[in-house]
Amino acid sequence: MKKNLSQYEHKAQYYETDQMGIIHHSNYIRWFEEARTSLLDEVGFGYDQMEKEGIIVPVLAISCDYKSMVRYNQTVLILPKVETFNGIRMTISYQITDKATGELKAAGKSNHCFLDKDYRPISLKKANKKIYDLFEELIEKDLG
């Protein structure tokens, strides 16, 4: 039986606000990264472990659709989900919702590839089957 992975919880901080008293748009991208890092740590193969294995996972593209404002001191839940994975590239989607109301605040995606320590593209299926299998399994898991 597969384990449901956790949503990442974040309490909006004062320093994240802009002059209008709402969370500055750039912080949502940081929250995506926090949730992605938490997801990888939770499955037992975080960025630090991947880098020890000689694997680098850069962001190729990122997007965010802002639905509703988040304000200082609100708590949000961020749900990261591996949408696509082929061993060379992957796409992760994110949904940010208000913890108290469930209202969708933002949604986005990030695209990644896998590189070796010399920054050359690699196929995880060939380079590290253990990590490949882990990501394959993530596609099938129901996060949340």
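Looking at every heavy atom in both residues, Glu53 comes nearest to Asn128 through OE1-ND2, 3.2 Å. Between Cys64 and Ala106, the shortest heavy-atom distance links the atoms SG-CB, 3.9 Å. Considering all non-hydrogen atoms of both residues, Cys113 and Pro58 come closest at O-CD, 3.3 Å. The minimum heavy-atom distance between Tyr14 and Tyr72, with the atom names listed, is N-CD1, 3.2 Å. Ile122 approaches Asp116 most closely through the heavy-atom pair CG2-CB, 3.7 Å.
Tyr94 and Ser110 share a side-chain donor-acceptor pair at under 3.5 Å. Side-chain contact check for Glu16 and His10: at least one donor-acceptor pair (N or O, by modelled atom type) lies under 3.5 Å. Side-chain contact check for Thr101 and Asp98: at least one donor-acceptor pair (N or O, by modelled atom type) lies under 3.5 Å.
Salt bridge absent: Glu83 and Lys109 never bring a charged side-chain N and a carboxylate O closer than 4.0 Å. In summary, Asp133 and Lys129 engage in a salt bridge, as defined by a charged side-chain N under 4.0 Å from a carboxylate O. The pair Glu34-Arg36 fails the salt-bridge criterion, with no side-chain N (NZ, NE, NH1 or NH2) lying under 4.0 Å from an Asp/Glu carboxylate O.
Grouping the Ile, Leu, Val, Met, Phe, Trp and Tyr side chains by contacts below 4.5 angstrom, directly or via other members, places Ile56 apart from Leu40. Placement of Tyr47 and Phe85 within a single hydrophobic cluster is found when ILVMFWY residues are connected by side-chain heavy-atom separations under 4.5 Å, directly or transitively. Residues Phe32 and Val59 fall within the same hydrophobic cluster, defined by Ile, Leu, Val, Met, Phe, Trp and Tyr side chains chained together at heavy-atom separations under 4.5 Å. In the hydrophobic cluster analysis, where Ile, Leu, Val, Met, Phe, Trp and Tyr join through side-chain heavy atoms closer than 4.5 angstrom, Val82 is grouped together with Ile29. Criterion: ILVMFWY side-chain heavy atoms under 4.5 Å apart, direct or through other members. Under it, Met50 and Ile139 are part of a common hydrophobic cluster.
In this structure, CZ on Phe45 lies 9.5 Å from NZ on Lys52, to the nearest 0.5 angstrom. Taken to the nearest 0.5 Å, the CE atom of Met69 stands 11.5 Å off from the CD1 atom of Ile23. Note: Leu77 CG to Trp31 CH2 = 11.0 Å, rounded to the nearest 0.5 Å. Rounded to the nearest 0.5 Å, atoms OH (Tyr8) and CD (Glu33) are 10.5 Å apart. Put simply, CD1 on Ile88 and CG on Leu124 are 9.0 Å apart, with the number rounded to the nearest 0.5 Å. Atoms CD1 and OG, from Ile78 and Ser38 in turn, are 9.0 Å apart once rounded to the nearest 0.5 Å.
Applying the side-chain hydrogen bond (donor to acceptor under 3.5 Å, both in side chains) rule to Lys125 yields no partners; only residues at least two apart in sequence or on another chain are considered. Listed by chain and residue number, nothing satisfies the side-chain hydrogen bond (donor to acceptor under 3.5 Å, both in side chains) test with Arg89 (two or more places apart in sequence, or in another chain).
With hydrogens and angles ignored, the 3.5 Å screen pairs no side-chain donor or acceptor of Gln49 with any backbone N or O of Gly46. Judged by distance alone, with hydrogens and angles left aside, the side-chain atoms of Asp48 form no donor-acceptor pair with the main-chain N or O of Glu51 at under 3.5 Å.
For the pair Ile92/Met90, a side-chain contact is recorded, criterion being any heavy-atom separation below 4.5 Å from C-beta on. Side chains of Lys11 and Asn73 form a contact here, defined as non-hydrogen atoms less than 4.5 Å apart.
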_Phe114 vs Phe135, side-chain contact (heavy atoms from CB on, under 4.5 Å): CA-CA, chis, key distance, verdict_ = CA-CA 12 Å; Phe114 299 92; Phe135 280 106; 4.0 Å; yes
*asked:* Applying side-chain contact (heavy atoms from CB on, under 4.5 Å) to Gln95 and Leu104, what does each step give before you reach the verdict?
replied: CA-CA 7 Å; Gln95 287 197 338; Leu104 181 63; 4.2 Å; yes
*Could you walk me through whether Val43 and Leu134 pass the side-chain contact (heavy atoms from CB on, under 4.5 Å) test, one step at a time?*
CA-CA 8 Å; Val43 298; Leu134 182 125; 3.6 Å; yes
*Do Val57 and Ile55 pass the side-chain contact (heavy atoms from CB on, under 4.5 Å) test, and can you show the C-alpha distance, the side-chain angles, and the key distance before you say yes or no?*
CA-CA 7 Å; Val57 188; Ile55 298 168; 4.3 Å; yes
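For the side-chain contact (heavy atoms from CB on, under 4.5 Å) with Val70, the lone residue among His24, Glu103, Lys105 that qualifies is Lys105.
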